[in-house]
Amino acid sequence: MSFFQNTCKPVGFVGELMVDMMNAGHTFVSTWGLSHLHLSDDAICLDIGCGGGANVKRLLERSPYGTVTGIDYSEVSVKKSEKLNRAEIDVNRCQILRENVMELPFADGTFDCATAFETIYFWPDLAQAFAQVFRVLKPSGTFLLCNEMNGENAGDDIWTDKIQGMRLYTAAQLKPLLQMAGFTDFQIDKNKKGWLCIVCQKPIA
């Protein structure tokens, strides 16, 4: 496996290095994305594709009386995320699970918020994944997507050439798929760096 292929699913020692790099390297884009999210102090959150757990930690800080569940399908990522968030795991404010977005193991209407940072590039079927996210959110729940690449810059193709299975998406491609899942009330932001953030809601039935 190439070094960069570990961005998709970190494995082994090289995967551990990649997870550490992602925790550090995604700080600015993650902070920018989270600036679009309004959370209550006791929000119940899900971070999908939690990687090394840095965004789980940020969500816990933003919702000091809430809980955060992080999921990832990489064993390396799960272990790193558990280590980073051990204190909150020990007081039952956090859990990290090895799971897949394509079949979320949660009851309908479990979460107030779901986040996905730098991960939808690797989801094999966005329609199915978005439907799963919609299902586990409570009515009026929020879904936040944040990508460092907005799918509009030709130079970004270098990454899809290097990383097998990676696909970039524009906001125009993502919004109809999110609408098909049932999401409404879209807030879409793109900055000069090419970052993309989409926030949408599960409507009250």
Side-chain angles (χ1 to χ4, degrees), residues 1-31 33-34 44-63 66-107 110-111 113-137 143-149 159-169:
M1 177 187 292
S2 72
F3 178 73
F4 289 109
Q5 195 65 36
N6 277 276
T7 59
C8 174
K9 187 176 184 180
V11 176
F13 175 72
V14 174
E16 292 178 16
L17 292 177
M18 178 60 73
V19 168
D20 287 335
M21 289 175 60
M22 289 190 293
N23 266 358
H26 293 165
T27 296
F28 293 111
V29 66
S30 296
T31 302
L34 284 171
I44 301 171
C45 297
L46 172 66
D47 186 39
I48 304 166
C50 64
N55 288 318
V56 169
K57 189 174 183 67
R58 293 183 182 103
L59 288 166
L60 287 163
E61 291 169 350
R62 287 172 60 92
S63 187
T67 63
V68 179
T69 297
I71 68 163
D72 205 290
Y73 69 169
S74 161
E75 182 178 0
V76 167
S77 295
V78 167
K79 288 181 178 179
K80 178 65 176 181
S81 192
E82 286 178 332
K83 182 177 180 180
L84 185 64
N85 294 285
R86 173 52 57 191
E88 300 303 328
I89 291 172
D90 288 345
V91 295
N92 297 317
R93 288 196 59 220
C94 178
Q95 62 176 340
I96 308 296
L97 305 173
R98 189 178 183 187
E99 298 290 350
N100 194 312
V101 67
M102 304 307 296
E103 192 173 351
L104 294 174
F106 309 111
T110 297
F111 299 98
C113 171
T115 58
F117 293 90
E118 292 285 277
T119 184
I120 68 165
Y121 311 129
F122 310 113
W123 294 2
D125 185 333
L126 288 186
Q128 179 180 335
F130 290 163
Q132 283 287 297
V133 177
F134 186 87
R135 178 184 65 79
V136 302
L137 282 174
F143 183 29
L144 180 146
L145 297 172
C146 187
N147 290 342
E148 195 168 4
M149 292 173 281
W159 295 108
T160 57
D161 291 339
K162 287 182 177 180
I163 303 169
Q164 184 179 1
M166 183 179 188
R167 183 174 176 183
L168 304 181
Y169 299 94

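All values derive from a computational prediction rather than experimental measurement.
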Between [atom1] of [X] and [atom2] of [Y], what distance do you get to the nearest 0.5 Å?
{"X": "Ile120", "Y": "Ile48", "atom1": "CD1", "atom2": "CD1", "value": "10.5 Å"}
{"X": "Thr110", "Y": "Ile44", "atom1": "OG1", "atom2": "CD1", "value": "8.0 Å"}
{"X": "Thr69", "Y": "Ile96", "atom1": "OG1", "atom2": "CD1", "value": "7.5 Å"}
{"X": "Glu82", "Y": "Ile89", "atom1": "CD", "atom2": "CD1", "value": "5.0 Å"}
{"X": "Thr115", "Y": "Leu46", "atom1": "OG1", "atom2": "CG", "value": "7.0 Å"}
{"X": "Lys83", "Y": "Lys80", "atom1": "NZ", "atom2": "NZ", "value": "5.5 Å"}

### Task
Show your working on side chain to side chain contact (heavy atoms under 4.5 Å, CB included) between Asp72 and Ser81 and close with a plain yes or no.
CA-CA 9 Å; Asp72 205 290; Ser81 192; over 6 Å; no
### Query
Looking at residues at least two apart in the chain, or sitting in another chain, which of them share a ring-ring contact (aromatic ring centres under 6.0 Å, His included) with Tyr169?
none
### Query
Listed by chain and number, what are the ring-ring contact (aromatic ring centres under 6.0 Å, His included) partners of Phe117, not counting sequence neighbours?
none
### Task
Answer yes or no: is there a side-chain heavy-atom contact under 4.5 Å between Leu145 and Phe130?
yes
### Task
Scan for ring pair (Phe, Tyr, Trp, His ring centres under 6.0 Å) pairs involving residues 84-106, sequence neighbours excluded, and state none if there are none.
Phe106-Phe111
### Task
Name all residues meeting the side-chain hydrogen bond (donor to acceptor under 3.5 Å, both in side chains) criterion together with Gln128; count only those two or more places apart in sequence or in a different chain, and write none if there are none.
none
## Note on the structure
Those residues at least two apart in sequence (or on a different chain) that pass side-chain hydrogen bond (donor to acceptor under 3.5 Å, both in side chains) with Ser30 are Asn55
### Task
Please name all residues satisfying side-chain contact (heavy atoms from CB on, under 4.5 Å) with Gln132, sequence neighbours left out, ordered by chain then number.
Leu104, Arg135
### Task
Might you work through the side chain to side chain contact (heavy atoms under 4.5 Å, CB included) test for Arg98 and Ile71, ending with a clear yes or no?
CA-CA 6 Å; Arg98 189 178 183 187; Ile71 68 163; over 6 Å; no
#### Entry: Side-chain donor/acceptor of Arg93 to backbone N/O of Leu60, under 3.5 Å
yes
